[in-house]
Engineer: 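I have a structure I would like to understand better, so I am pasting it below and will then ask my questions one at a time.
Naming: A, B, ... by sequence-line order, numbering from 1 per chain. No hydrogens, no waters, no symmetry mates; every other heavy atom, side chains included, goes into these values.
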There are 4 protein chains.
Amino acid sequence: MTTQVILLNGGSSSGKSGIARCLQAVLPEPWLAVGVDAFIRALPASLQASDAGIDFTGDGGVKVGPEFMALETAWMEGVAATVRAGARVIIDDVFLGGAASQQRWRKALAGLEILWVGVYCDAAIAAGREISRGDRVRGMAELQAELAHQGVEYDLEVDTTHTESLECARIIAARIG
Amino acid sequence: MTTQVILLNGGSSSGKSGIARCLQAVLPEPWLAVGVDAFIRALPASLQASDAGIDFTGDGGVKVGPEFMALETAWMEGVAATVRAGARVIIDDVFLGGAASQQRWRKALAGLEILWVGVYCDAAIAAGREISRGDRVRGMAELQAELAHQGVEYDLEVDTTHTESLECARIIAARIG
Amino acid sequence: MTTQVILLNGGSSSGKSGIARCLQAVLPEPWLAVGVDAFIRALPASLQASDAGIDFTGDGGVKVGPEFMALETAWMEGVAATVRAGARVIIDDVFLGGAASQQRWRKALAGLEILWVGVYCDAAIAAGREISRGDRVRGMAELQAELAHQGVEYDLEVDTTHTESLECARIIAARIG
Amino acid sequence: MTTQVILLNGGSSSGKSGIARCLQAVLPEPWLAVGVDAFIRALPASLQASDAGIDFTGDGGVKVGPEFMALETAWMEGVAATVRAGARVIIDDVFLGGAASQQRWRKALAGLEILWVGVYCDAAIAAGREISRGDRVRGMAELQAELAHQGVEYDLEVDTTHTESLECARIIAARIG
C-alpha cells in the first residue's frame with residue numbers, strides 16, 4: 001500500500017529535521033513536513049515555560065503538563081486529518097514517553113499507512129552537535145538519545161552517527177510504497 | 001455560543017501575527033496560533049519558489065499553483081480537525097482570493113463557531129512597516145492591503161494604522177463568547 | 001561636517017532596529033547597521049547567561065559582568081575602526097548605564113562626527129510591542145523605557161509611541177550632514 | 001606567542017559556524033565569533049541583492065560588487081581593531097577570491113598572531129548538508145568547496161567530511177598558543 005505518513009522519532013539533535021528536509025528533496029511527490037517544534041511555537045508564550053505547559057529544566061530535562069498534553073492531542077488529530085484529506089506528511093517528533101507516545105500517534109493516525117522510522121544517534125555525538133548548533137538547551141541531546149526510543153517499534157532504523165542526513169533520507173525513501 | 005476559532009485576515013505587514021500573540025497573552029484560556037506562514041514553511045523547498053507551488057514575484061506579487069492549493073486545502077482540514085478535537089485556534093491568513101478564500105475556510109470549518117476579524121492597515125503605513133521588519137519581500141504589503149479584503153465579510157474589523165496590536169487584541173477578546 | 005555615525009539609543013522594543021533598517025532604506029549612501037544584539041550573539045553561549053557575562057533575570061532585568069564589559073569595550077573599538085576606515089555606521093544600543101554608557105561610546109568614537117539620537121517610547125506601549133513580538137524576555141521594555149535615557153544627551157529625539165519607524169527615519173535623515 | 005585570531009575559511013555548508021561555536025565552548029578563555037554572514041546582515045537590504053553589493057545567482061554563484069568590497073574592507077579593519085583592543089576573535093569567512101582574500105585579511109590583521117585554519121568538506125557531502133539545512137541557496141556548497149581554498153596557505157586543516165565539528169574544534173584548540 002502507499003505510504004501516507006513518515007514518522008521520524010529520535011532525541012534532540014539526532015538529525016530528524018535535516019532528514020525531513022532531505023526527504024522532501026528526494027521524494028518525487030510533494031510531502032509536508034511538520035514537527036513538534038512547530039507545535040510548540042504555536043503555543044501561548046505562557047505555556048512555553050510553565051508547569052501546565054512545557055518546561056525546559058536547566059539540565060536538559062523536559063517536562064510537559066496537562067494543558068500541553070491536551071493541546072498536543074488536538075494537534076495530532078489535526079495532522080491526521082491533513083493526511084486523510086490527501087496530503088503526504090513527514091512528522092518529526094521526540095517520544096518523551098517512549099511506547100506511550102507511539103500509542104498516542106497510533107490512535108490519532110488509525111487507518112493510515114505509516115512508516116515508523118527510528119532516528120538514532122550516539123549520545124556523545126548528538127551532544128556535540130547540540131553545541132555546534134548553538135540554539136538548543138544544553139543537555140537535551142544526551143538525555144533523550146536513548147529515552148526517546150524506549151519500547152518503540154519501528155519499520156526502519158537509521159543512525160546519523162556515521163551516516164549523512166541525505167543518505168538516511170535515501171534509505172527511507174527506498175522503503176516508501 | 002463559545003467562540004472556537006478566531007480568524008484574522010489581512011495583508012502582509014498589517015499586524016496579524018502580533019495581534020495573534022497578544023490574543024494568546026490576554027485570553028484567559030490557552031489558544032493555539034497557526035498561520036499560513038507556518039504552512040509555507042512546511043512545504044518542500046521546491047514548492048516554495050515554483051509555478052506549481054508559491055512564487056513571490058519581484059514586485060511583491062504572490063502566485064500560488066495547483067499543488068500549493070491542494071496541500072493548503074488539506075492543511076485547512078487539519079486545522080479544523082484540531083479545533084474539533086477541542087483546541088481553541090487563532091488562524092492568521094492572507095485571503096489572496098478574497099471572498100473565494102473565505103469560502104474555502106467556511107467549508108473546512110463548517111459547524112464551528114468562528115469570529116471573522118478583518119485586520120486593516122493603511123497601505124503606505126504597512127509598506128513602511130515592511131521596510132522596518134526587513135524580512136519580507138518589498139511590495140507585498142502595499143499590493144495586499146486592499147486585495148486581501150475584497151468581498152470578505154467580517155464580524156469585527158480592527159485597524160492597526162493608529163491602534164497598537166495589544167489594543168486590537170483587547171477589542172477582539174471582548175467579543176469572544 | 002559629514003555625519004559618520006548615527007547612534008540610536010533606547011529601551012528594548014522602543015523600535016531602534018526598525019528605524020535602523022528604514023534609515024538604510026532612505027539614506028542615499030550605504031550605511032552599515034550594527035547593534036548590541038549582534039554583539040551578544042557573538043559571545044560564547046556560556047557568557048550569554050552567567051554572572052561574568054550577561055544575565056537576563058526573570059523579571060526583565062539585565063545584568064552584565066566584567067567579561068561582558070571588557071569584550072564590549074573591544075567591540076566598540078572595532079565599530080569605531082570600521083567608521084575610521086570609511087564606512088558609515090548606524091549603531092543601535094541600550095544604554096543600561098545611562099550617561100556612563102554614553103561616555104564609553106564617546107571615548108571609543110573620539111574624533112568622529114556622531115548624531116546622537118534618543119529613541120523614546122511610552123513604557124506601556126513598548127511593553128505591548130514586546131508581547132506582540134513574542135521573542136523577547138517579558139519586562140525588559142518597561143524597565144528600560146526610562147532607564148536607558150538617564151543623563152544621556154542627544155542631538156535629536158524621536159518617539160515611536162505615535163510615530164512610525166519610517167517617519168522617525170526620515171526625521172533623522174533630514175539631520176544628516 | 002599567544003594566538004589572538006582563529007581564522008576559519010571554507011565553502012558554504014562546510015561546517016565553519018558549528019566549529020566556531022564548539023571552539024567557544026572548549027577554549028578556556030572567552031572568544032568572540034564573528035563571520036561574513038553577520039557582515040552581510042549589517043548591509044542595507046538594497047545591497048544584499050544587487051550588482052553593487054552581493055548577488056546570489058540562481059545556481060549557487062555569488063558575486064560581490066565594489067560597494068560590498070569597500071564596506072567589507074572597513075568591516076575587516078573593525079574586526080582587527082577589536083582584536084587589538086584585547087578581544088580574542090574567531091573569524092568565519094568564505095574566501096571567494098582565494099589567495100587574494102587571504103591577502104586582504106593579512107593586511108587588516110597585520111601584526112596580530114593568527115591561526116589560519118582551512119575547513120574542508122567533500123563537495124557532495126557539503127551539498128547534502130546544504131539540503132538538510134534548508135536555509136541556504138542551493139548550489140553554493142558544491143561551487144565553493146574547492147574554490148574557497150585556491151592558493152590559500154594554512155597553519156592547520158580540518159575536514160568535516162568524516163569528523164564532527166566538536167572534534168575539529170578540539171584539534172584546533174590543541175594548537176592555540
Engineer: Between A/I19, A/V26, A/I131, A/L23, which shows the greatest number of heavy-atom pairs under 4.5 Å with chain D?
Structural biologist: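 Highest number of heavy-atom pairs under 4.5 Å: A/I131.
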Engineer: For D/L166 and A/G128, which heavy atoms make the closest approach, and how far apart are they?
Structural biologist: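 Closest heavy-atom pair between D/L166 and A/G128: CD2-CA, 3.7 Å.
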Engineer: Tell me which donor-acceptor pairs, judged by distance alone and kept under 3.5 Å, run between chain A and chain D, one pair per line.
Structural biologist:
from, atom 1, to, atom 2, distance (Å)
A/R21, NE, D/S132, O, 2.5
A/R21, NE, D/R133, O, 3.2
A/R21, NH2, D/S132, O, 3.0
A/R129, NE, D/E164, OE1, 2.9
A/R129, NH2, D/E164, OE2, 2.7
A/S132, O, D/R21, NE, 2.5
A/S132, O, D/R21, NH2, 3.0
A/R133, O, D/R21, NE, 3.2
A/E164, OE1, D/R129, NE, 2.8
A/E164, OE2, D/R129, NH2, 2.7

Engineer: With sequence neighbours excluded, what pairs up with D/A45 under the side chain to side chain contact (heavy atoms under 4.5 Å, CB included) test?
Structural biologist: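 Residues passing side chain to side chain contact (heavy atoms under 4.5 Å, CB included) with D/A45: none at all.
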